[in-house]
There are 2 protein chains.
Amino acid sequence: MAKITIRDVAREAGVSISTVSNALNDVDVLNPATKMHVLAVAERLNYVPNLNGKMLKSGKTMMLGFFTTSVSGPYFYKLIETMSRQCERHGYGLNVFVTKDKQVIMSNILGRRVDGVIIYEELKIDEHDIDVMEKDKIKTVFLDREFSNDTMGSVTFDSYTAGYEAAKYLIGLGHKRIAYISGVDTMFDSVQRREGYLAALREYGLPLDEDYIIQGYFEEDSTFNAIKAFIRVHGHKLPSAFLAGNDLSAMGCIEALKAHGYEVPGDVSVVGFDDVDIARYFSPPLTTVRNPIARQAILTVDHLVRMIQGKETGQSQTLTGELIVRGSSHVPPDHADQG
Amino acid sequence: MAKITIRDVAREAGVSISTVSNALNDVDVLNPATKMHVLAVAERLNYVPNLNGKMLKSGKTMMLGFFTTSVSGPYFYKLIETMSRQCERHGYGLNVFVTKDKQVIMSNILGRRVDGVIIYEELKIDEHDIDVMEKDKIKTVFLDREFSNDTMGSVTFDSYTAGYEAAKYLIGLGHKRIAYISGVDTMFDSVQRREGYLAALREYGLPLDEDYIIQGYFEEDSTFNAIKAFIRVHGHKLPSAFLAGNDLSAMGCIEALKAHGYEVPGDVSVVGFDDVDIARYFSPPLTTVRNPIARQAILTVDHLVRMIQGKETGQSQTLTGELIVRGSSHVPPDHADQG
DNA sequence: TAACCTTACTTTACCGACAACCTGAGACTT
DNA sequence: AAGTCTCAGGTTGTCGGTAAAGTAAGGTTA
């Protein structure tokens, strides 16, 4: 049996197609009896409207698109789940595109597969792409860069201040040699956190050692390996604290330190960023700067929906972190080389 | 400026719309010079075909839909990332729907928003829904149940054998009191693993203690809490081994044991399932049954694409696990209560 | 009772792309 | 010279909905 269309329902119910359309869409111009009858026939035939026809006519897909290069890690699933829920509240669906292919991205955006766009992370959307999207009035929210114009906004996390505050906290505890575990340099958050960290070191006159900036790629396992390598080289004179670019890195770092027999926080303190769900259950529980992911997700979807509805122009919103002190940080041990 | 359509390109290039269509879709009936000219005009106007029009006419969206209630945890992101990549290879996109609303799910499936469907987990897709989908010839692959008919297949993990083998391994080490940390009972994998575990206990004549089946919900934090509660009750006579329904549960369990001063594997052994990326970096590194997630993702997408292309009817494929012995399991300590 | 509303639909145009079929010009056949 | 091909592209119908405009029957008003 081929797919049932609105025409089949109309024929079966003995009415015109627009009557069926009106009945299904609750347009209040029909005789209640007719409406009932049509709905009953539609139900009996298991009729479900074809969304492609609907979309073409209305110009709306009722879908928001989330474009990202990766979904790895707790940050993403929290973000995606919360955004999905929030979309559903507004009657939208969320289409998650995990890809690095700019062709794919642009043809889905400009081809109107979605009514609004959420963009995260190092997607290499450049000035020209933004120009084109702006001309087409594509409603967009960026999560990884501050931006705003008539049809585009952003909801970002103030990573610079977060990095600064975390570093300042460690300095306040008495740490003088603090390493930073970085993500990749194309990641806005990673760079900002590092800048904040460097600013704090400068402010307190602590040495900026190039070697103390470690590439961890924001992942647990790659950080684990990076720290093991780092310990092999710097084992004789380890920093008394590591500031990790995110919680996953912090955990990987702690695992590596433990594997080499160091105690956290007894010998070394480790601080992360994000406060992902697991952070509090880790051993030791992580000291971290809380990134209000759920809030970011909700603000993003709300802002985008309001732009689509024409109720709002693009805004640049910034969320601030909150230092959560748990068990992975402590004053440095007496024997620590504080030079 | 309103959106550029194929008509605008046709007018600007001084040709008909079908000539534009033919030029863009590489239909080889045009004078090369005309084709070049049309493509140049399209490029200049930044023309991108509207996918809704395309989809309506062709009846194809070039999208596969992944329907799930959750994306939490390493299992999902590995699955999603691998499926996305594999879709891209076939020229498809992957639309991830995170929802529990069956209305939403069915209207997206039956409304033809996607060309093929991948379903995971306790979605409560019942016989009736399957009937309707079958009548509509919706190409579908299930990841959480074995199923096959003309248009529907499945790619599942043999969780029963995995559970059986893991339990047998612990029994072989000498463990006599083994607890199982379960997910929820609506989850096929969780139930199957538990059945395998119970079968092994029965086979070796070990006692089946109802109390030793713990609800951990397949999450790290809820397992952590569940095990803490369990220890409070059974602390005087703890099992010598825990078989956790997945790696996240195993980690939560280990964290809880450590928090109460137990050593793993010195005092208690813990075994998980999946072998997620982090498992090997955990301390202690997890003994686990490897679930070939990437393989499942690839087989799923390939199978679905072949069904869509009409090259294949629904098959029920099963993947088997592989026991990976690492540091979280050991022979039971002498003092363990082996009664 | 003619003009005018309502009510309750039906007819038809349209969204943007694609594709089946049509056409007009020149080349080739017989 | 009439008929037939081929080439290169144009015309038009179509996918499945929605919505603006049209209409027929009955009721209301002046």
Side-chain angles (χ1 to χ4, degrees), chain A residues 1-39 41-42 45-63 107-115 136, chain B residues 1-39 41-42 45-63 107-115 136:
Chain A
M1 169 181 34
K3 179 67 189 167
I4 303 284
T5 74
I6 198 169
R7 272 154 249 270
D8 300 317
V9 178
R11 191 180 332 105
E12 185 75 14
V15 297
S16 73
I17 54 172
S18 60
T19 297
V20 178
S21 176
N22 285 331
L24 289 161
N25 293 293
D26 229 13
V27 178
D28 209 11
V29 296
L30 297 182
N31 184 324
T34 310
K35 180 168 160 183
M36 287 303 176
H37 174 234
V38 170
L39 291 179
V41 171
L45 298 182
N46 285 316
Y47 170 70
V48 177
N50 179 306
L51 296 171
N52 300 323
K54 206 166 187 153
M55 282 163 0
L56 177 57
K57 177 63 186 176
S58 67
K60 303 202 165 304
T61 63
M62 297 314 283
M63 279 270 153
S107 74
N108 278 293
I109 292 177
L110 300 174
R112 298 294 193 283
R113 199 188 295 273
V114 293
D115 294 343
D136 266 16
Chain B
M1 171 178 37
K3 180 67 189 168
I4 303 284
T5 74
I6 198 169
R7 269 156 255 269
D8 300 317
V9 179
R11 189 177 336 103
E12 185 74 14
V15 298
S16 72
I17 55 173
S18 60
T19 297
V20 177
S21 176
N22 286 331
L24 288 162
N25 294 292
D26 229 12
V27 178
D28 209 11
V29 296
L30 297 182
N31 183 322
T34 310
K35 179 167 161 184
M36 287 304 175
H37 174 234
V38 169
L39 291 180
V41 171
L45 297 182
N46 285 315
Y47 171 68
V48 177
N50 180 305
L51 295 170
N52 300 322
K54 205 165 186 154
M55 281 162 6
L56 177 57
K57 176 62 187 176
S58 68
K60 303 201 165 305
T61 63
M62 295 314 283
M63 280 270 152
S107 73
N108 278 293
I109 292 177
L110 300 173
R112 299 293 192 285
R113 201 187 294 270
V114 294
D115 294 344
D136 266 16

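Everything quoted here is computed from the prediction, not taken from an experiment. Letters A, B, ... are given to chains in the order of the sequence lines, protein chains preceding strands, and every chain is numbered from 1.
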*From Thr34(A) OG1 over to Leu39(A) CG, what is the distance, rounded to the nearest 0.5 angstrom?*
10.5 Å
*Rounded to the nearest 0.5 Å, what separation is found between the CD1 atom of Ile4(A) and the CG atom of Asp136(B)?*
8.0 Å
Atom pair distance, as rounded to whole Å: [atom1] in [X] and [atom2] in [N]:
X         : N       : atom1 : atom2 : result
Arg112(B) : dG17(D) : CZ    : C1'   : 15 Å
Arg11(B)  : dG16(C) : CZ    : P     : 12 Å
Asp26(A)  : dA19(D) : CG    : P     : 13 Å
Asn50(A)  : dC15(C) : CG    : P     : 19 Å
Lys57(B)  : dT12(D) : NZ    : P     : 16 Å
Ile6(A)   : dC15(D) : CD1   : P     : 14 Å
Leu24(B)  : dC18(C) : CG    : P     : 7 Å
Ile4(A)   : dG16(D) : CD1   : C1'   : 13 Å

*Has the side chain of Ser18(A) got a donor or acceptor atom sitting under 3.5 Å from an opposite partner on the base of dT12(C)?*
no
Indicate yes or no: at least one non-hydrogen side-chain atom of [X] is less than 4.5 angstrom from one of [Y].
X        : Y         : result
Val20(B) : Val15(B)  : yes
Thr61(B) : Arg113(A) : yes
Leu30(A) : Thr19(A)  : yes
Asp26(B) : Lys35(B)  : yes

_First of Asn25(A) and Gly53(B) reached from the 5' end of DNA chain D, by closest nucleotide_ = Gly53(B)
*Axial bend angle, the helix from dT1(C)-dA30(D) to dT30(C)-dA1(D): five-pair end segments, nearest 10°*: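 Taking five pairs per end, the axes differ by 70°.
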_Given 3.5 Å as the limit, does a donor-acceptor pair link the side chain of Asn25(B) with the main chain of Val27(B), or not?_
no
*asked:* Donor-acceptor pair, distance only, cut-off 3.5 Å: does the side chain of Arg112(B) make one with the backbone of Leu110(B)?
replied: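 It does hold such a pair.
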Among [options], the nucleotide that comes nearest once only the side chain of [X] is considered:
X        : options                   : answer
Ile17(A) : dT12(C), dC18(C), dA17(C) : dT12(C)
Arg7(B)  : dC18(C), dA17(C), dG16(D) : dA17(C)
Lys54(B) : dC18(C), dT18(D), dG16(D) : dC18(C)

Pull out every protein N or O sitting under 3.5 Å from an N or O of nucleotides 6-9 of chain C, one pair per line with the distance.
{"from": "dC9(C)", "atom 1": "OP1", "to": "Thr34(A)", "atom 2": "OG1", "distance (Å)": "3.1"}
{"from": "dC9(C)", "atom 1": "OP2", "to": "Asn31(A)", "atom 2": "N", "distance (Å)": "3.0"}
{"from": "dC9(C)", "atom 1": "OP2", "to": "Thr34(A)", "atom 2": "OG1", "distance (Å)": "2.6"}

*Would you please test Asn50(A) and Thr5(A) for side-chain contact (heavy atoms from CB on, under 4.5 Å) and show each step?*
CA-CA 8 Å; Asn50(A) 179 306; Thr5(A) 74; over 6 Å; no
_Contact under 4.0 Å: Tyr47(B) side-chain N or O vs dA17(C) OP1/OP2_ =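 Indeed, a polar side-chain atom of Tyr47(B) lies that close.
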*How would you label the contact of Leu51(B) with the nucleic acid (heavy atoms, under 4.0 Å): base, sugar-phosphate, or nothing?*
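Contact class for Leu51(B): none.
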*For Asn52(A) and Met55(B), work out which heavy atoms get closest and say how close.*
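Where Asn52(A) meets Met55(B) most closely, the heavy atoms are OD1-CE, 3.2 Å.
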